[in-house]
Amino acid sequence: MKKIYLYGNWKMNMTVAETKKFFDGFESAYAPYKNDAGLEVGVFAPFTSLWALADCAKKAGIVFGAENVYSEASGAFTGEVSIPMLQEIGIKYVILGHSERRHIFNEPDEMIAKKVKAVLNANMIPVLCYGETLDERESGHTFDVMGRQLSTAIDGLNPDDVKKIIYAYEPVWAIGTGKSASSEQAQEVCGWSRNLLGIKDVVILYGGSVKASNAKELLSMQDIDGALVGGAALKPESFLDIYKAFKA
Ligand code: PGA
């Protein structure tokens, strides 16, 4: 049985108080799975909640990380947060290239690639998101767009580094819409991505409206190693119900 990665992206939600409250309820929801070697749970929080998240997640025994970082170590980059700042509070994982960073904040492929390299150079793990918009899919450009996003992000990396990255295919049209990709659509892209990356045992997640009701179908697909979950990750029960549904 393959290992399932269940990662939650809190986006711009969860204050310090809310982070602590989440973990008050997490322990009992997670208890049945705590020793399940087939599951890796992770939570990604806004910068201001990371200190509290690091503390709570360590106690709970789960992975934790940031939702973004800048590629330079220090300097005149008002409003940005650096890798050493994250390392100081024990952060090892960072989501990069989320569609909201790409589309709302206009982060280009090249900027994301720089961040990927900087994070790997710091011995941290990027969770690299990529995916097409509805227009791109409907006009038949899905694979060009994802090929460009993925190839730019891994350009110049050695195979060891390519393998360290956790990939998350997140079609933009499925994020926060309640309309997940079908398991066939998600499998098609994740399988295609594995071929493009050229490494068989790389970790590839699917994200976009994952919830308990569609978890089994999606997570049973051969090339889908887990889920990056937004809305359903804000409550411990709805988050862990995704794994429960997969196991049922
Ligand atoms: P969603 O978000 O589960 O709310 O669709 C997923 C994501 O953006 O990572």
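Start at 1 and go down the list; that is how both ligands and their atoms are numbered.
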Ring-plane angle category for Phe77 and Tyr70, please: parallel below 30°, perpendicular beyond 60°, tilted otherwise. tilted
Please verify the inter-ring angle class for Phe239 with Phe22; under 30° counts as parallel, over 60° as perpendicular, anything in between as tilted. tilted
For ligand 1, which atoms sit closer than 4.0 Å to a heavy atom of Gly208? 5 (O)
So the atoms of ligand 1 within less than 4.0 Å of a heavy atom of Leu228 turn out to be 6 (C), 9 (O)
Can the ring centroids of Phe23 and Phe26 be said to lie less than 6.0 angstrom from one another? yes
Can you sort out which atoms of ligand 1 are near Lys11, meaning under 4.0 Å from one of its heavy atoms? 2 (O), 7 (C), 8 (O)
Would Asn68 and Lys115 count as a side chain to side chain donor-acceptor pair (under 3.5 Å) if you check the C-alpha gap in whole Å, the side-chain angles of each, and the deciding distance to 0.1 Å? CA-CA 9 Å; Asn68 188 25; Lys115 293 181 177 194; 2.9 Å; yes
Gly207 versus ligand 1: do any nitrogen or oxygen atoms come within less than 3.5 Å of each other? no
Non-hydrogen atom of Ala232 closer than 4.0 Å to ligand 1: no
For ligand 1, which atoms have a heavy atom of Gly231 less than 4.0 angstrom away? 1 (P), 3 (O), 4 (O)
Note: ligand 1 atoms sitting under 4.0 Å from heavy atoms of Ala174 are 5 (O)
May I ask you to decide if Ile224's main-chain N or O and Lys2's side chain share a donor-acceptor pair within less than 3.5 Å? yes
Run the numbers for me: atoms of ligand 1, each under 4.0 Å from some heavy atom of Gly176, listed by number. 1 (P), 4 (O), 5 (O)
Any idea which atoms of ligand 1 are less than 4.0 Å away from a heavy-atom of His98? 7 (C), 8 (O), 9 (O)
Checking Trp10 against Phe44 for the ring pair (Phe, Tyr, Trp, His ring centres under 6.0 Å) test, could you report, in this order, the C-alpha distance in whole Å, the side-chain angles of both residues, the deciding distance, and whether it holds? CA-CA 6 Å; Trp10 282 352; Phe44 295 77; 9.8 Å; no
If you draw a 6.0 Å radius around CD in Gln185, do more than 12 non-hydrogen atoms from other residues or ligands fall strictly inside? yes
Tell me which part of Asn9 gets within contact of ligand 1: side chain, backbone, both or neither, using heavy atoms under 4.0 Å. side chain
Check each atom of ligand 1 against the heavy atoms of Glu170 and keep those under 4.0 Å away; list them by number with element. 6 (C), 7 (C), 8 (O), 9 (O)
Considering non-hydrogen atoms of the protein only, which is the closest contact for atom 3 (O) of ligand 1, and what is the distance? Gly230 N, 2.8 Å
Note: Leu228 and Asn9 closest approach over all heavy atoms is CD1-CB, 4.0 Å
